[in-house]
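Structure, as structure tokens:
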Amino acid sequence: MNQSLLTRERRLGMYRKMLLCRMFEDRVNSLFLQGRMPGTIHQAQGQEASAVGVCEALQVGDMLTSTHRPHEHAVARGIPVKFLMAELFAKSTGCCHGKGGSMHMGDAELGMLPAIAIVGGGVPLAAGYALSFKYLKKPSVAACFFGDGAVNQGVFHETINMAAIWDLPVVFVCENNKYGASTVIDSVMKVKTVSARASAYGIPGKTVDGNDVFEVYRATLEAADRARTGQGPTLLELETYRFAGHSRSDPGHYRSKEEVAAWKKRDPIVRFETDAQSSGLLTEPEIVDYRASVEAELNDAVAFAESSPSPLAEECLTDVYAE
Amino acid sequence: MSTPNNLIEKTEVEGRKLSIVEALREALQEEMRRDERVILLGEDIGIKGGFGGAFTVTLGLSEEFGSQRVLDTPISEAGFTGIAVGAALGGLRPVADVQYGDFLFLAMDQLANHAAKLRYMSGGKLKVPMVMRAPVGATTRGAQHGQSLESHFMHVPGLRVACPSNPYDAKGLLKTAIRMNDPVIFFEHKLLYGSKGSRKEAGGLELFGTVPREEYLLPFGQASRVRQGRDVTIVANLLMVHKSLLAAKTLAEQSIEAEVIDVRTLVPFDWETVFESVSRTGRLIIVHEDTLTGGWGAEVAARVADSCIGYLQGPIRRVTAPDTPVPFAPVMENFFVPSVEKIVNAVKEICQ
């Protein structure tokens with residue numbers, strides 16, 4: 001896209017968000033390996049352009065839904081990393097007070113529903129939010145992240161069809177990272193692209209380079225504008241790749257070294273830095289400074305999380321019912 | 001089967017005689033007039049020239065409230081249930097319905113994994129104020145249109161479960177359900193509806209109850225003692241309340257006075273009323289149309305054994321459907337659904 005449409009500050013802001021996503025994930029990985037966090041994790045290193053590009057196109061009041069791989073979505077949506085880190089540390093100061101954990105991080109007040117860890121499960125929830133926006137005449141949209149694994153779930157079909165017939169203000173965002181756990185998408189889908197399915201619902205569908213943050217931003221902005229102006233949903237497919245395995249316990253032996261290496265050459269952060277240096281947006285010392293500033297933010301987040309109190313065991317019993 | 005009106009009636013109530021269908025429709029209408037956030041979603045619920053849902057509950061509501069508030073959906077139970085959950089999170093108060101309760105299994109993920117858990121996993125930050133209405137009961141439609149599913153949902157923490165047996169309760173509980181900030185599964189029995197015309201249910205009870213003209217709400221978690229008795233406590237819901245009352249009448253002729261308790265809501269459950277009754281009668285029968293194993297009667301039996309063992313003068317007995325799918329042949333269905341005779345016999349066995 002024509003980057004000059006975005007201010008320098010905005011572009012650098014997107015860069016820092018991507019760095020924060022990546023370095024958050026790397027930090028979480030090392031904390032897990034040190035045994036300092038309970039649970040499991042599904043990491044998204046490599047998918048930063050997708051998370052940041054989509055979230056940059058959203059506004060206050062919009063609602064984002066996410067998946068079992070939600071860390072970068074939450075960071076990109078702007079939930080302070082200390083509350084995310086505290087949730088991963090199972091502390092009462094976490095964004096879900098320790099009742100959510102890695103797979104349910106989010107904060108609806110900050111524009112992201114606690115992530116939904118049933119594959120495809122968040123798709124109708126996003127459409128439901130969109131229905132409420134439309135009904136209450138709010139100028140908001142719902143954006144819904146899901147992976148390529150979700151597109152063969154029944155609710156994917158049911159929901160996109162309903163969103164289409166009711167012109168709901170929702171953007172369906174498929175992060176196609178090629179694998180549902182270890183299953184390659186080509187083996188479970190006959191059409192070549194997820195976006196091709198849009199035509200079955202009578203809505204626009206588009207496949208874009210999910211590792212180019214500006215491409216993702218532009219496509220999402222267009223889809224969100226369309227939704228916001230009453231023209232209904234769009235199905236976006238962002239082609240990307242996760243560098244890590246499916247989860248903490250997955251070394252990823254089902255992928256060839258050549259494939260991983262080829263995608264690492266398309267690393268969205270390296271690409272941004274290379275382009276930004278050649279265009280004069282960033283210098284090498286500035287990159288070092290950015291990384292140091294993100295490092296410091298993460299240090300503070302970890303310190304906040306580790307010094308926060310654990311919830312009381314008996315809090316297990318609360319928050320089941322509202323009344 | 002005739003209705004023991006003298007026993008089920010709220011004699012202190014002034015009002016008109018309504019069927020459950022009319023009472024439910026009035027509840028929806030009043031709540032939709034009162035609160036613009038209340039919307040309906042379901043299949044065939046508002047189609048012009050249609051029948052107002054499978055059992056006519058929503059008949060006429062789209063004419064008053066329009067298709068923006070009475071949303072006819074595709075046949076996509078999982079999808080529209082999830083959309084109802086999302087709309088509830090977004091500030092609306094959706095009342096969704098499935099044509100037959102059996103179809104709730106299609107939407108089970110959205111109900112059990114999302115509606116029931118979002119409040120909890122958000123650390124108490126979210127609420128999910130939605131109602132899912134579902135008709136239950138065996139009515140010669142066979143295995144996939146006749147199940148009684150209450151126990152499945154009673155077992156999911158985070159869901160509320162209502163199962164009214166008469167028009168007064170149906171209206172008061174549905175209005176409360178719509179105003180609650182928790183997801184409610186609202187079970188209605190097909191033989192109790194009192195639907196008219198071509199949607200009239202063969203074998204249905206001619207059940208009309210007095211419903212006040214004035215607005216009223218009924219709280220969840222309050223059982224109703226629909227018959228007093230000193231010898232045995234019968235705990236039942238939905239159609240089985242009526243069968244239990246008929247059984248009580250037969251038993252009274254044989255000098256056994258049964259107390260009949262209509263649970264009205266399963267979550268929350270009014271344990272105090274049951275415990276108090278059993279502590280007086282010393283005997284307990286639980287009657288439900290749901291199948292035996294793991295049915296809600298098992299929970300009642302366990303809790304009573306835990307809290308009232310010292311009062312019990314005989315075994316706790318459950319009169320329920322057997323552990324089979326719902327059969328089609330009327331002769332088999334009549335065997336499947338607990339009968340008045342089976343209730344009478346169970347009471348006599350434990351009273352010996």
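Each chain gets a letter, A, B and so on, in the order the sequences are listed, and its residues count up from 1.
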Non-hydrogen side-chain atoms of [X] and [Y] separated by less than 4.5 Å:
X	Y	result
A:Ile116	B:Leu118	yes
A:Met63	B:Leu89	no
B:Ser76	A:Met162	yes
A:Glu323	B:Lys127	no
B:His114	A:Ile118	yes
A:Thr159	B:Phe80	no
B:Tyr120	A:Cys316	yes

- Message: I need the residue from B:Gly82, B:Gly91, B:Pro129 with the largest number of non-hydrogen atom pairs under 4.5 Å to chain A.
- Response: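 Among the listed options, the one with the most contacts to chain A is B:Gly82.
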- Message: Please determine whether side-chain contact (heavy atoms from CB on, under 4.5 Å) holds for the pair B:Ile83 and A:Tyr129, giving the CA-CA distance in whole Å, both sets of side-chain angles, and the decisive distance to 0.1 Å.
- Response: CA-CA 7 Å; B:Ile83 286 177; A:Tyr129 262 106; over 6 Å; no
Taking every non-hydrogen atom, the tightest pair across [X] and [Y]:
X	Y	value
B:Asp109	A:Gly121	OD2-CA, 4.4 Å
A:Tyr321	B:Val156	OH-O, 4.3 Å
B:Arg119	A:Val320	CD-O, 4.2 Å
A:Leu131	B:Ala87	CD2-CB, 4.2 Å
B:Met121	A:His104	CE-ND1, 3.4 Å
B:Pro74	A:Asn161	CG-ND2, 3.8 Å

- Answer with yes or no whether the side chains of B:Arg37 and A:Tyr135 bring together a donor and an acceptor at under 3.5 Å.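 Note: A:Tyr135 and B:Arg37 side chains miss the donor-acceptor criterion.
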- Are the side chain of B:Lys125 and the backbone N or O of A:Cys95 linked by a donor-acceptor pair below 3.5 Å?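 Checking the backbone N and O of A:Cys95 against the side chain of B:Lys125, a donor-acceptor pair under 3.5 Å is found.
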- Under the 3.5 angstrom rule, does the side chain of B:Asp182 hit a backbone N or O of A:Ala322 as a donor-acceptor pair?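 Judged by distance alone, yes, a pair lies under 3.5 Å.
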Given heavy-atom pairs under 4.5 angstrom as the criterion, report whether the side chain, backbone, both or neither of [X] touches chain A.
X	value
B:Ala84	neither
B:Leu126	side chain
B:Asn113	side chain
B:Thr81	neither
B:Leu159	backbone

